[in-house]
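Values below: every heavy atom of this structure, side chains too, minus hydrogens, waters and symmetry copies. Residue numbering restarts at 1 for every chain, and letters A, B, ... go by the order of the sequence lines.
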Amino acid sequence: MAFEGLADRLQSTIKKITGKGKVSEQDVKEMTREVRLALLEADVNYKVVKDLIKNIKERAVGQEVMESLTPGQQVIKVVKEELTALMGGEQSKIAVADRGPTVIMMVGLQGAGKTTTSGKLANLLRKKHNRNPLLVACDVYRPAAIQQLETLGRQLDMAVFSMGEEANPVDIAKNALEKAKEDHHDYVIIDTAGRLHVDNELMGELQQIKAEVQPHEIYLVVDSMTGQDAINVAESFNEQLDITGVILTKLDGDTRGGAALSIKAVTDKPIKFAGMGEKLDELEAFHPDRMASRILGMGDVLSLIEKA
Amino acid sequence: KKSRQTFSSKINDLLARYRKVDEDFFEELEEVLISADTGVATVMDLIDELKMEVKRQNIKDTTEMKDVISEKLVEIYYGDNEQEIESLSLQEGELSIILVVGVNGVGKTTSIGKLAHQLKQEGKKVMLAAGDTFRAGAIEQLEVWGERTGVDVVKQNSGSDPAAVIFDGIKSAKSKQADVLICDTAGRLQNKVNLMNELAKVKRVIEREVPHAPHEVLLVLDATTGQNALSQAKIFAEATDVTGIVLTKLDGTAKGGIVLAIRNELQIPVKFVGLGEGVNDLRPFDAHAFVYGLFADLLEKE
Ligand SMILES: Nc1nc2c(ncn2[C@@H]2O[C@H](COP(=O)(O)OP(=O)(O)OP(=O)(O)O)[C@@H](O)[C@H]2O)c(=O)[nH]1
Ligand SMILES: Nc1nc2c(ncn2[C@@H]2O[C@H](COP(=O)(O)OP(=O)(O)OP(=O)(O)O)[C@@H](O)[C@H]2O)c(=O)[nH]1
Ligand SMILES: [Mg+2]
Ligand SMILES: [Mg+2]
């Protein structure tokens, strides 16, 4: 039941080929079949897998693999290159407004990690960039969502703006921006309520907040354990809000995290940060290269590729 | 029996759209199942079996496949012993304890609120124990649910030992002669060994204080989760002998197909599904309707 890494999956084919001296198209077909299964087991969306496999096959049937002395390793190398390329370079920069406070809006499905990540981002901005952020409690729906953010604010010794549960989130955001200007905050981080991408009313609310405060960044927060549906969620949030980046959470778990690939493929927006724990200092820059290895389940076979 | 018949007839409609049982048909079937997060190995095995069956029975037309496919799918879920009733097994006339566990953010606390409401509607005296002493605002969140449903919440300060809170909860539930005590716990990822040990300790306290308890250990799974849910089920079951699953967030577009593999490999049944954030959004699980839902897209595609 354990997830097999790509290297394991390719073992039997590699064994068969060894000593044969030549790789046939049939061998390549077998290998790409294993690649496909490995990607699907890592939760990469099946449509994304289809495109990837096409590219990989083209390269594999070409000289790169067929004429290599180590075709198995060569396939792994090709796959890893394709994944890394698809995920893009490292991009953990956060926008800075020309004038006034920089506004960041956090959006996503229920329970993805928006509130926690809001706290983490505020912490990062202060610690690493010497900034003075204001946290804004715009989730008036989830029970005790405001208390949650206020508790995080206390833990961080940072200001939290809230207007209670009766206020309208659009008004809260608007007033928070005024307050930030008054109190000389240089960043405003807006925590919004979790919502389904198909909930028109609540998606409309996000559009209204966006129109009101003109955020410089809109981060889609996504649980890294998300399965095939990641593609629908990301596409929908991006279409309706034109997000500027993605934050993947709960990467301290044992998920392969193929959702990362799916999201990047459909939105073409950078994955900026990775949540690596529940504590407020556990946010890291996202590394596409490491993510590719992780999806393929081959942290420890990197050396194998280097030899190839 | 009745729900089974409607289910088959729906599958029949579906299959009628494809005349020929060919590679295209199987490919689309595979994609539909994969996109519903059905376990990859499960899908591959199923497709292989179906292909074999098609050969064996010399099936050319999809209409002939009706029964084969619907039966195979329900069989994956139920195995050989279809249809034992999969509701909660609570004690009559004495305290029953339900322990709720799962990874972060899946919907444990919300499901507890909904379940408390449901049990209270059934005339039971329900109490809640705020065993998540870690996450910011977790205790307050459970308290809101307590107010909403008119149910007492036993709590300590944030940061206290969860086992101590649960111990308190049991004492209090006994003295107030509650019928059911539902214990919330902090979300934890299954690969965190120390946190899983903490959970096992909570369970031991419950076992020690009440004979035959906990009567249910409910693992909450988010339907949006992909293949990792299998690892969650496996490791949580090892730590706490999970007796049932609550599959949440089925009101979204995710299908939660992985519970098929979980039931098949670990024999853990789904007992409830979550269909929203409101107090009434918890429903019993209907395997036939669920399996049909995995295909709904194929039907819409045309
Ligand atoms: N292990 C781990 N847990 C995380 C991480 N990020 C968030 N969490 C946990 O995930 C759960 C949900 O986080 P929240 O910040 O409340 O999520 P949210 O998106 O604000 O949820 P809603 O407001 O209900 O939509 C909490 O238990 C967090 O502690 C992470 O990177 N790693
Ligand atoms: N749409 C929808 N949202 C749900 C459902 N169940 C829970 N939620 C939402 O998911 C988010 C997380 O729910 P919680 O009950 O806090 O989850 P939890 O497992 O207790 O989270 P932690 O204690 O942080 O690990 C909240 O915003 C809930 O309102 C459901 O069935 N459908
Ligand atoms: Mg939140
Ligand atoms: Mg909770």
Side-chain angles (χ1 to χ4, degrees), chain A residues 1-3 37-38 40-47 49-50 109-113 115-116 119 141-155 193-199 223-233 236 249-250 252-259 277-278 280, chain B residues 30-31 34-41 43-44 103-107 109-110 113 134-145 147-148 158 186-192 222-232 234-235 248-249 251-258 261 265-266 276-277:
Chain A
M1 194 178 79
F3 294 109
L37 289 176
L40 287 175
E41 293 216 310
D43 288 321
V44 183
N45 187 273
Y46 76 93
K47 292 178 196 157
V49 171
K50 226 179 204 174
L109 294 183
Q110 287 95 342
T115 308
T116 309
Y141 307 107
R142 167 173 169 170
I146 298 173
Q147 279 110 310
Q148 184 185 1
L149 194 67
E150 282 173 348
T151 304
L152 296 181
R154 259 197 312 280
Q155 286 172 7
R195 64 203 72 214
L196 294 173
H197 54 294
V198 287
D199 184 333
D223 186 326
S224 59
M225 293 175 278
T226 308
Q228 295 287 319
D229 205 39
I231 207 169
N232 301 322
V233 174
S236 191
T249 61
K250 310 179 197 175
D252 46 324
D254 63 3
T255 183
R256 281 284 160 75
E278 296 189 72
L280 295 172
Chain B
E30 184 183 302
E31 284 179 358
I34 290 281
S35 69
D37 289 316
T38 315
V40 176
V43 176
M44 300 305 156
V103 300
N104 308 79
V106 286
T109 309
T110 309
F134 179 76
R135 208 208 65 214
I139 300 170
E140 291 91 336
Q141 185 186 2
L142 194 71
E143 283 184 300
V144 173
W145 278 105
E147 280 160 33
R148 251 184 214 180
S158 129
R188 66 200 75 218
L189 299 176
Q190 71 274 20
N191 62 336
K192 307 267 165 101
D222 182 334
T224 323
T225 306
Q227 307 292 312
N228 190 252
L230 198 53
S231 154
Q232 292 171 25
K234 184 165 181 268
I235 299 174
T248 61
K249 308 186 194 175
D251 47 326
T253 49
K255 299 276 174 40
I258 196 69
E265 288 184 30
L266 305 168
E277 301 180 76

Mind listing the closest non-hydrogen atom pair of [X] and [Y] along with its distance?
X: A:Met225; Y: B:Val103; value: CE-CG2, 4.0 Å
X: A:Leu152; Y: B:Ala136; value: CD2-CB, 3.7 Å
X: A:Asp254; Y: B:Ser231; value: OD2-OG, 3.0 Å
X: A:Ala144; Y: B:Gln141; value: CB-N, 3.4 Å
X: A:Asp252; Y: B:Asn191; value: O-ND2, 2.9 Å

request  = Output the option from A:Val198, A:Leu196, A:Thr151 having the highest count of non-hydrogen pairs under 4.5 Å with chain B.
outcome  =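 Of A:Val198, A:Leu196, A:Thr151, A:Leu196 has the most heavy-atom pairs under 4.5 Å with chain B.
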
What part of [X] gets within 4.5 angstrom of chain B, counting heavy atoms only: side chain, backbone, both, or neither?
X: A:Lys47; answer: neither
X: A:Leu149; answer: neither
X: A:Asp199; answer: neither
X: A:Arg154; answer: neither

task = May I have the step-by-step check of side chain to side chain contact (heavy atoms under 4.5 Å, CB included) for A:Leu40 and B:Met44, ending in yes or no?
result = CA-CA 11 Å; A:Leu40 287 175; B:Met44 300 305 156; 4.3 Å; yes

query = Which bit of B:Glu140 comes within less than 4.5 Å of chain A, counting heavy atoms only: side chain, backbone, both or neither?
reply =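 Contact with chain A is through both the backbone and side chain of B:Glu140.
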
If I take atom [atom1] from residue [X] and atom [atom2] from residue [Y], how far apart are they, to the nearest 0.5 angstrom?
X: B:Asp222; Y: A:Gln110; atom1: CG; atom2: CD; answer: 9.0 Å
X: B:Asn228; Y: A:Lys250; atom1: CG; atom2: NZ; answer: 11.0 Å
X: A:His197; Y: B:Thr253; atom1: NE2; atom2: OG1; answer: 3.0 Å

Any B:Phe134 side-chain heavy atom under 4.5 Å of A:Glu278 side chain =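 Yes - at least one pair of side-chain heavy atoms lies under 4.5 Å apart.
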
request  = Evaluate side chain to side chain contact (heavy atoms under 4.5 Å, CB included) for A:Asp223 paired with B:Thr224, printing each intermediate quantity in order.
outcome  = CA-CA 9 Å; A:Asp223 186 326; B:Thr224 323; over 6 Å; no

ask   = Between B:Glu30, B:Gln232, B:Lys192, B:Arg135, which shows the greatest number of heavy-atom pairs under 4.5 Å with chain A?
value = B:Arg135

